[in-house]
Amino acid sequence: MHNLKEIRKDFIAFKKAIEKRSIDTNFELLQNLDKKNREFIQKKEILEKEKKDISKSKDKSLFSRSKEISAAIEKINIQQKKTKESLEQILSNIPNIPHKDVPNGKDESDNIEIKKSGQIPKFDFQPKSHFEIGEKLGMLDFDLASKTTGSRFVFVKDKLALLERALSNFMLDNHVSKNGYLEISPPLLASENTMFGTGQLPKFEDDQFEIKLDESNERKFLIPTAEVILTNIVKDKILNQNDLPMRFVASTPCFRKEAGSYGKDTKGMIRQHQFYKVEMVSIVDQSKCMEELERMTNCATEILDLLELPYRKMILCSGDMGFSAEKTYDIEVWLPSENKYREISSCSSCSTFQSVRMKARYKNQKKEILYAGTLNGSGLAVGRTLIAILENNQEKDGSIIIPKVLRPYMNNLQKISSN
RNA sequence: GGAGAGAUGGCUGAGCGGUUGAAAGCACCGGUCUUGAAAACCGGCAAAGGGGCAACUCUUUCCUGGGUUCGAAUCCCAGUCUCUCCGCCA
């Protein structure tokens with residue numbers, strides 16, 4: 001969320017920056033509501049002052065006047081609250097402003113490739129898709145999942161389940177021991193306010209699974225990514241500057257409705273309602289977002305380097321970025337069956353956009369209170385990494401060569417085959 | 001599920017109808033002392049919002065939302081969360 005105080009300073013510039021993201025916002029209404037809101041506040045404060053003075057004086061003859069004032073304040077209060085609500089409603093639906101490095105563009109097709117890495121494998125046979133391979137091995141079972149649960153779920157079995165677990169552990173170990181992330185095993189449910197903090201609510205409610213925990217009015221949601229719960233660790237906090245940076249990593253299931261993607265990636269486990277993801281989150285000094293983004297992205301690509309998977313790094317254009325992001329790198333892994341790169345990680349700096357929503361701040365040397373910078377990135381999407389290994393490491397006989405770095409996590413197994 | 005206790009500043013923790021935005025301690029910042037550091041001593045130190053170019057000033061806030069009162073951190077009601085004991089359970 002944007003800081004209203006900052007917007008006010010240069011409303012035109014703000015308007016221009018937001019228009020880059022080609023979304024509909026009623027800027028004039030926003031500006032008017034802000035003005036109205038402040039007028040109400042001023043009126044209210046004059047009356048409150050008078051009331052306070054009467055109370056201090058303890059002068060009985062003024063007590064009836066005080067009662068009148070209370071009624072008047074109450075009236076203004078109602079109007080002011082209403083105004084403020086409309087104001088916040090508009091404000092909370094405005095996305096972050098793209099960083100100056102971000103290329104202008106409409107959609108995916110305007111993203112720019114920054115770097116390519118690794119060898120695209122050559123096969124002397126027709127490479128199969130991950131779901132063909134997995135089903136043939138008897139270790140991916142989509143039919144069973146649709147029977148027990150429904151579409152967009154899968155049973156991962158036997159050596160592939162082990163591979164999935166090995167991937168999580170390998171990634172976690174790497175981020176913890178080499179990159180200084182603190183491992184967290186968080187709740188998988190988040191409150192409404194937590195979801196608001198990172199920007200999933202109110203705008204993207206359709207993509208979230210809501211859970212009825214009990215009869216209370218508090219709404220709970222399954223996390224669509226650990227970003228939500230990890231970033232909110234600093235919600236409502238005033239940290240010391242030397243507590244920063246804070247770096248968290250977790251491997252969690254993620255839950256998404258994938259509303260609006262009907263018919264897209266229906267085959268296989270590319271797009272599921274539930275999937276494992278190792279997520280990195282950094283809370284940093286607000287001036288250090290860009291360097292942290294580079295660092296984090298390197299943490300993600302390092303995993304692919306170690307797994308010897310071919311990938312490319314993209315910078316997302318203004319039109320393709322997520323709601324809370326100011327700058328995003330997508331890492332895309334090569335999938336032979338599709339003959340193209342597919343997203344396996346997304347690393348974003350959210351500048352102070354999320355911390356304003358969460359009220360996550362820190363005190364600097366000059367004792368100024370500043371909003372923290374927040375970043376998040378997948379390191380990596382475990383399900384999609386599994387897919388990439390299946391497809392890139394497949395042999396003609398349908399077996400899978402296990403990447404060397406994972407073998408210690410798999411009882412030194414070299415290869416997965418059906419027998 | 002049953003019975004209690006509690007929620008106060010960055011943290012710990014007093015206050016329980018009227019200059020209380022709130023004692024004290026810790027942390028933090030500045031200073032004295034010291035070759036330097038530590039210790040000791042002195043001083044400073046809540047946030048949000050409004051007005052003002054600024055110095056500054058005003059309002060709000062003691063979990064949240066209502067209520068009582070001229071006046072609420074303090075009294076009443078509802079909710080949320082936390083803790084303790086009993087029961088149940090992975």
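Naming: A, B, ... by sequence-line order, numbering from 1 per chain.
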#### Entry: Contacts of type salt bridge (charged side-chain N to carboxylate O under 4.0 Å, His left out), residue A:R256, not counting sequence neighbours
none
### side-chain contact (heavy atoms from CB on, under 4.5 Å) against A:I12, all qualifying residues, sequence neighbours excluded
A:D10
#### Entry: Residues that A:S324 engages under side-chain hydrogen bond (donor to acceptor under 3.5 Å, both in side chains), provided they are two or more places apart
none
#### Entry: Contacts of A:D59 that satisfy salt bridge (charged side-chain N to carboxylate O under 4.0 Å, His left out) - sequence neighbours left out
none
### Task
Using the side chain to side chain donor-acceptor pair (under 3.5 Å) rule, collect all pairs that involve residues 81-94 of chain A, keeping only residues at least two apart or in two chains.
none
### Message
Using the side-chain contact (heavy atoms from CB on, under 4.5 Å) criterion, which residues pair with A:E210? Sequence neighbours excluded.
### Response
A:E205, A:R219, A:F221
### Query
What integer distance in Å separates A:K60:NZ from B:rG18:C1'?
13 Å
### Consecutive-pair stems (3 or more, Watson-Crick or G-U, under 3.5 Å) for RNA chain B
B:1-7 with B:80-86, B:10-12 with B:24-26, B:28-32 with B:40-44, B:46-51 with B:56-61, B:63-67 with B:75-79
### Query
CZ of A:R8 versus P of B:rG51: gap in Å, rounded?
6 Å
### Partner residues of A:N169 under the side-chain hydrogen bond (donor to acceptor under 3.5 Å, both in side chains) criterion, sequence neighbours left out
none
### Message
Considering only residues two or more places apart or on different chains, which pairs with a residue in residues 260-269 of chain A satisfy salt bridge (charged side-chain N to carboxylate O under 4.0 Å, His left out)?
### Response
A:D265-A:R271, A:D265-A:R342
Nucleotide N/O to protein N/O under 3.5 Å, stretch nucleotides 60-65 of chain B:
from	atom 1	to	atom 2	distance (Å)
B:rU60	OP2	A:K52	NZ	3.3

### Message
Under 4.0 Å, heavy atoms only, any strand: does A:K5 hit a base, just the sugar-phosphate, or nothing?
### Response
sugar-phosphate
What are the atom names and distances for every N/O pair under 3.5 Å that joins the protein to nucleotides 69-73 of chain B?
from	atom 1	to	atom 2	distance (Å)
B:rC70	OP2	A:K67	NZ	3.3
B:rC70	O2'	A:S66	OG	2.5
B:rG71	O2'	A:S55	OG	3.4

### Summary
side chain to side chain donor-acceptor pair (under 3.5 Å) pairs touching residues 240-251 of chain A, sequence neighbours excluded, are A:S168-A:S251, A:Q241-A:D285, A:R247-A:E292
### Query
How would you label the contact of A:I369 with the nucleic acid (heavy atoms, under 4.0 Å): base, sugar-phosphate, or nothing?
sugar-phosphate
